[in-house]
Amino acid sequence: MTTATMGIQNAFDVEARRRDFPILATKVAGRPLVYLDNAASSQKPNQVLDAITSYYREKHSNVHRGVHYLAQQATEAYEAARDTVAAHLGARDRHEVVFVRGTTEAINLVAQSYARPQLQSGDEILITQLEHHSNIVPWQMVCEQTGAKLVVAPLDEDGQLRLDAFAECLGARTRIVSLAHVSNALGTILPVAEVVRLAHAQGAVVMVDGAQAAPHMQLDVAALDCDFYAVSAHKAYGPTGIGALWGRRELLDAMPPYQGGGEMIRRVTFAATEFAEAPARFEAGTPNIAGAVGMAAAFDYLNAVGLEAIRQHEAELLAYATERIAQVPGIIPIGTAPDKASVVSFLVEGIHAHDVGTILDGQGVAVRVGHHCAQPLMDSLGIAATARASLGLYNTRQEIDALVEGLDRVRELFA
Ligand code: PLP
């Protein structure tokens, strides 16, 4: 899809982009919805909704195994989506893109198919203190299965990875490093390329959790030089239930699948099965075809709007939100790294985050409150929960003003 066919001009026009998202016209409690929960899941533009509907209206059948017209249409749509995702991630080879349910499944796939067969007792998996549960629990499971040990690299007081301490955690037994590209709880952008250099120098492979990077920045696995990269479509304006794992082809080809079934085989007898090559060997069963089509449409949309234009808009909005929220008396910011993406996490002194979220909801403002699936991070900060406003390409300064008015109201009610 080209920019022209999507009807998007080059200059970033937030009001025009808002019109792409029908759900943004929703009223909550009689007020316009202010949707600031994009890190949990972003809303979907017409371009994505239309791509999914057209697929079902015009092309749907099962993929790969049919000779009839619709089977070919569906296969072409699914495999074209893989090309789009591969190009968007900066992959050199389309065989390096495995469609999965999302980041969580991608990390579990690497944990079970790459790590589990390789690791031995005493080997180490290195993560960081700010990881989402989906980048902790799969590794804990593999540690349980293999006798490997989970090592955690610490943050500084702004919520940045301490590279010196990270380097000290890397050792001869470190086999895998797995880290977020962007923290969902703090917004910190991690120095992935630097981490990869350090890890590769020790012979470790690097898995990157790109769930929170995909909506905000140009992805480029070749530039990062990582070994695995995971994304979820639903955080990047695409549908739920679909995501991608990118992996170096030589690694994927050497990995046994951890799920078996149709689609992933070359030949099956009752005695044994020969697996297909990657990526098919990791895509057992009927895939989420419409999801893949929707994911590709979301990446087309991001490119048509322009990732650089989105980055600039969001950076300006983040600076405005950070400043405005900090001016509310009693606000304690959580996560103050200079290099951040679109997340403002905070506490309101003396008021539970859940009360903050509920009162804001009464004013049409949707934020997320809780531990953000990062309980170990919360524990290390000595807090149970934060309120988190997370921004997307369609958010505006007026919406930040509505959030700040809402916070004033929270304080009035608890005065
Ligand atoms: N990693 C990070 C940093 C996230 O923010 C999330 C979701 O919130 C995930 C992983 C898991 O993504 P999904 O639930 O789409 O698999």
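Just so you know, ligand 1 is whichever comes first in the structure, and atom 1 is the first atom listed for that ligand. By convention here, the first residue in the shown sequence is residue 1.
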Best match, G102, S134, A106: closest heavy atom to atom 10 (C) of ligand 1: S134

Nearest heavy-atom neighbours spanning S121 and R173: O-NH2, 3.2 Å

Polar contact flag, side-chain donor to acceptor under 3.5 angstrom, Q112-N108: no

H95 side chain to E277 side chain, donor-acceptor N/O pair below 3.5 angstrom: no

Y55 and H60 aromatic ring geometry - parallel, tilted or perpendicular at 30°/60° bounds: perpendicular

Parallel, tilted or perpendicular: ring planes of F21 versus Y394, cut at 30 and 60 degrees: perpendicular

Have a look at ligand 1 and work out which part of [X], if any, has a heavy atom under 4.0 Å from it: side chain, backbone, both or neither.
| X | answer |
| --- | --- |
| T104 | both |
| A180 | neither |
| K235 | side chain |
| E105 | neither |

Sub-4.0 Å heavy-atom contact, R101 with ligand 1: no

Proximity flag N135 to ligand 1, non-hydrogen atoms under 4.0 Å: no

Pairing of D253 and R248 as salt bridge, 4.0 angstrom limit: no

